[in-house]
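We number each residue from 1, following the sequence as shown. Side chains are part of it too, since the values below use all heavy atoms of this structure and drop only hydrogens, waters and symmetry mates.
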Amino acid sequence: SGLIWVGTGQFNGGLSKIIPENPSFRHIQPKQRFADYAENVIRSIFEDQNQNLWLSNKSGEIFILDENLNQIRILDELPFEGAESTSMNVYTMMQDREGYLWMGSKGGGIAVSSRPLDSFREDYHDIGFYHFTRENTGPGGLSSNMIYSISEDAEGSIWIGTFGGGIHRVESRDDRDLVCSHFDESNSNLNSPFIRHIFPDSQERLWFATTSGVHLLESVFGSDSASFRSFIYDPEDPKSISYNDVIHIFEDHHGDLWFATFGGGLNKLEILKPEEAAFLSLSQKDGLVNDAVFAMLQDSLGYIWVSTENGISRIEPDTLRIDNFNSSNGLQCNNFSENTCFLTQKGKVIFGNTEGILVIAPGKEERSNFIPPVVFTRFFLSNTELDFNSESSPIQRHIDYLPEIILKQPENMPASPFVELPQQLVAPKHHPVLEEVQLESAPPVDGYVRTRARATSDVLIQSESGDPLLVRWRYGRGFVAALT
């Protein structure tokens with residue numbers, strides 16, 4: 001299989017498994033020596049016009065790496081124009097169409113570069129920022145310093161998403177003040193003031209991920225109010241979004257929109273009409289590595305990469321085939337950061353995690369061709385497991401140590417897969433497929449073939465003894481069902 005096992009004989013020794021690195025994955029830890037775990041927790045990633053990569057950590061530092069991912073500078077503090085320099089826990093970075101760099105922070109407000117980035121030196125030793133907070137902006141300024149997302153729409157307007165203070169649209173800005181329109185539950189039909197992500201799609205629509213569903217901006221009435229269309233989880237509607245806490249929004253090469261949730265897996269928007277919306281959900285039961293999904297990117301080969309709380313998944317969007325990666329097959333860190341990803345100009349897929357960044361080179365990942373051997377671990381005769389410790393057992397050693405087993409004619413009876421007893425049909429849980437089926441009044445079955453449901457399947461009907469009878473699972477864009 002390619003794994004290396006190492007046994008040690010010291011007092012605290014044991015058995016260790018060595019997993020080879022995956023050539024598609026490169027892990028970069030910004031700080032090799034650190035006093036605090038937070039110094040390598042990356043919370044935002046951005047690439048500038050010189051292909052330099054900017055990384056922010058949870059300790060308030062900014063790392064600048066060149067196009068070869070070599071570190072060229074660390075900003076321990078942001079140099080503010082006309083104010084004392086200070087560090088910020090940056091959660092989002094964005095460069096507007098005029099070239100200015102915007103940084104939003106958790107608790108520290110917003111920093112905007114004093115000039116377009118291309119007007120500074122290449123090493124940014126002369127860079128400066130203006131600092132805007134709830135405290136230093138006027139009545140039309142920021143309502144919160146918790147800035148989780150900043151985005152620019154098709155018309156060039158800057159939108160700011162706060163975690164607890166709703167949405168802002170920037171109306172004007174100078175070196176001293178930031179004037180905004182403000183939208184929350186008081187002047188709109190927004191369900192939640194906790195904004196995680198703002199995403200402008202290719203059709204010039206503006207989407208907002210919140211802790212209470214997804215919101216699509218429909219209209220803005222001056223600076224006083226706005227109207228949104230909301231998409232929230234409905235337990236009675238299997239086509240609704242699967243979970244209300246939405247972290248990240250992503251658009252693939254086909255223009256399809258995907259929504260990452262904090263506990264409900266992925267949701268792909270399949271139908272969007274004035275009176276109808278339908279989502280296709282993918283979760284752990286469909287093969288996803290984890291249901292807490294934090295970010296998504298699509299590589300140059302068309303694969304969609306999904307970072308989660310426990311590893312990453314790679315999805316083939318046409319067939320929905322999923323391959324998973326974690327510390328068991330090539331990752332050095334399983335726990336990724338929310339909304340922390342970037343696709344570089346050279347096509348590198350980068351995700352931030354709790355120990356640095358993961359850089360993915362598309363097409364280099366390895367799949368194991370190892371076919372594990374078939375081994376016997378238990379042995380049954382006439383549906384009864386043999387205990388080799390019993391004096392009456394026909395085998396007196398564990399099956400692992402038996403070179404062969406020869407059965408006499410009366411004993412040549414393997415465990416039967418057939419159940420020939422009347423069994424009542426039972427639905428283990430409510431499912432829309434069985435909405436109009438009354439299993440309670442259905443006659444019992446006279447028998448069935450005993451099977452085991454696959455881990456990613458839904459058991460729709462089972463016998464009263466718990467054996468699956470009707471099972472379905474996802475395959476490509478549809479489902480496969482099996483009746484036993």
Side-chain angles (χ1 to χ4, degrees), residues 18-76 78 87-95 101 103 117 122-124 248 289 294-301 303-314 324-366:
I18 300 176
I19 302 170
E21 288 187 350
N22 193 313
S24 182
F25 302 143
R26 179 183 175 187
H27 184 261
I28 296 177
Q29 193 172 27
K31 278 203 164 182
Q32 298 299 317
R33 296 181 179 180
F34 53 92
D36 192 333
Y37 174 77
E39 294 179 47
N40 280 313
V41 177
I42 301 302
R43 289 300 283 110
S44 183
I45 304 174
F46 161 75
E47 185 185 35
D48 64 24
Q49 74 280 350
N50 296 321
Q51 299 184 27
N52 294 323
L53 201 67
W54 297 57
L55 312 174
S56 65
N57 71 4
K58 222 170 181 182
S59 292
E61 298 167 303
I62 305 292
F63 304 93
I64 304 178
L65 284 61
D66 64 20
E67 60 181 312
N68 297 315
L69 303 178
N70 298 311
Q71 197 170 111
I72 59 177
R73 190 174 180 204
I74 299 178
L75 294 174
D76 296 313
L78 293 183
S87 62
M88 292 174 60
N89 189 0
V90 175
Y91 267 39
T92 180
M93 290 185 276
M94 186 275 299
Q95 188 174 12
L101 175 62
M103 294 182 177
L117 282 186
E122 287 190 8
D123 58 9
Y124 296 111
H248 184 78
V289 70
F294 291 155
M296 302 179 68
L297 288 171
Q298 189 167 21
D299 66 26
S300 57
L301 301 177
Y303 292 107
I304 296 174
W305 294 85
V306 179
S307 67
T308 77
E309 195 174 46
N310 189 32
I312 59 173
S313 293
R314 188 187 65 178
N324 293 325
F325 303 90
N326 53 33
S327 57
S328 297
N329 59 352
L331 291 189
Q332 292 189 35
C333 178
N334 285 337
N335 197 348
F336 289 82
S337 301
E338 302 170 24
N339 270 322
T340 307
C341 62
F342 205 91
L343 181 65
T344 70
Q345 299 173 49
K346 291 187 175 182
K348 293 177 180 176
V349 175
I350 302 179
F351 291 99
N353 58 42
T354 57
E355 297 180 18
I357 60 172
L358 173 68
V359 183
I360 302 174
K364 292 185 178 180
E365 58 274 4
E366 289 183 343

Shortest non-hydrogen separation from Arg26 to Leu69 and the atoms involved = NH1-CD1, 3.7 Å
message = Does any part of the side chain of Trp305, heavy atoms only, come nearer than 4.5 Å to the side chain of Met296, both counted from C-beta?
response = no
message = Between Asn40 and Lys31 (side chain of the first, backbone of the second, donor and acceptor by atom type, cut-off under 3.5 Å), is there such a pair?
response = yes
query = Can you find a pair of side-chain heavy atoms, one from Thr344 and one from Ile350, that are under 4.5 Å apart?
reply = yes
remark   = Here the gap from Arg73 atom CZ to Tyr124 atom OH, rounded to the nearest 0.5 Å, amounts to 11.0 Å
query = Any donor-acceptor pair under 3.5 Å linking the side chain of Asp36 with the backbone of Ala38?
reply = yes
task = Spell out, as yes or no, whether a donor-acceptor pair under 3.5 Å connects the side chain of Asn334 to the backbone of Ser327.
result = yes
Minimum heavy-atom distance Asp76-Glu61, with the two atoms named = OD1-OE2, 3.2 Å
request  = With sequence neighbours excluded, tell me which residues meet ring-ring contact (aromatic ring centres under 6.0 Å, His included) with Phe336.
outcome  = none
query = When rounded to the nearest 0.5 angstrom, what distance separates CZ in Phe294 from CD1 in Ile312?
reply = 14.0 Å
request  = Decide if atom CD of Glu122 counts as having more than 12 heavy atoms of other residues, nucleotides or ligands within a radius under 6.0 Å.
outcome  = no
query = With a 4.5 Å limit on heavy-atom distance, are the side chains of Met103 and Leu78 in contact?
reply = yes
task = Might you point out which heavy atoms bring Cys341 and Ala295 nearest each other, and give the distance in Å?
result = SG-CB, 3.7 Å
request  = Give the C-alpha distance, both sets of side-chain angles, the deciding distance and a yes or no for side chain to side chain contact (heavy atoms under 4.5 Å, CB included) between Asn353 and Asn335.
outcome  = CA-CA 6 Å; Asn353 58 42; Asn335 197 348; 6.0 Å; no
ask   = Should Glu39 and Lys58 count as an ion pair when the cut-off is N to O under 4.0 Å?
value = no
request  = Check the pair Gln298, Tyr303 against side chain to side chain contact (heavy atoms under 4.5 Å, CB included), reporting the backbone distance first and the verdict last.
outcome  = CA-CA 6 Å; Gln298 189 167 21; Tyr303 292 107; over 6 Å; no
ask   = Would you say the side chain of Phe351 lies within less than 4.5 Å of the side chain of Val359, judging by non-hydrogen atoms?
value = no
key: Gap between atom CD1 of Ile357 and atom OG of Ser337 - 0.5 Å precision   = 11.5 Å
ask   = Between the side chain of Ser56 and the main-chain N/O of Val90, is any donor-acceptor distance below 3.5 Å?
value = yes
note = Correct closest heavy-atom pair for Val289 and Asn310 would be CG2-O, 3.3 Å
remark   = In short, Gly60 meets Ser87 closest at the heavy-atom pair O-CB, 3.5 Å
query = Is there a donor in the side chain of Ser313 and an acceptor in the side chain of Asn324, or the other way round, less than 3.5 Å apart?
reply = yes
query = Taking atom CG of Asn57 and atom OG of Ser44, what is their separation to the nearest 0.5 Å?
reply = 11.0 Å
inquiry  = Between Thr354 and Tyr37, is there a side-chain heavy-atom distance shorter than 4.5 Å?
reply    = yes
key: Min side-chain heavy-atom separation Phe34-Gln29 under 4.5 Å   = yes
query = Quick one: are Thr92 and Asn339 in side-chain contact, heavy atoms under 4.5 Å?
reply = no
inquiry  = Considering only residues two or more places apart or on different chains, which pairs with a residue in residues 332-347 satisfy salt bridge (Lys or Arg N to Asp or Glu O under 4.0 Å)?
reply    = Glu67-Lys346, Arg196-Glu338
message = If I compare all heavy atoms of Gln71 with all of Ile74, which pair ends up nearest, and what's the gap?
response = OE1-CD1, 3.0 Å
query = Could you give the distance from SG (Cys333) to CG (Leu358), rounded to the nearest 0.5 Å?
reply = 9.0 Å
key: Test log, rule side chain to side chain contact (heavy atoms under 4.5 Å, CB included), inputs Phe25 and Ile360   = CA-CA 5 Å; Phe25 302 143; Ile360 302 174; 3.9 Å; yes
message = I'd like to know if the side chain of Thr340 pairs up with that of Tyr91 as donor and acceptor (distance under 3.5 Å, no hydrogens or angles considered).
response = no
task = Determine, using ring centers only, whether Trp54 and Phe342 are less than 6.0 Å apart.
result = no
inquiry  = Measuring from atom CG of Leu297 to atom CD1 of Ile304, what distance do you get when rounded to the nearest 0.5 angstrom?
reply    = 10.0 Å
inquiry  = I'd like to check Leu55 versus Leu65 (side-chain heavy atoms, cut-off strictly below 4.5 Å). Are they in contact?
reply    = yes
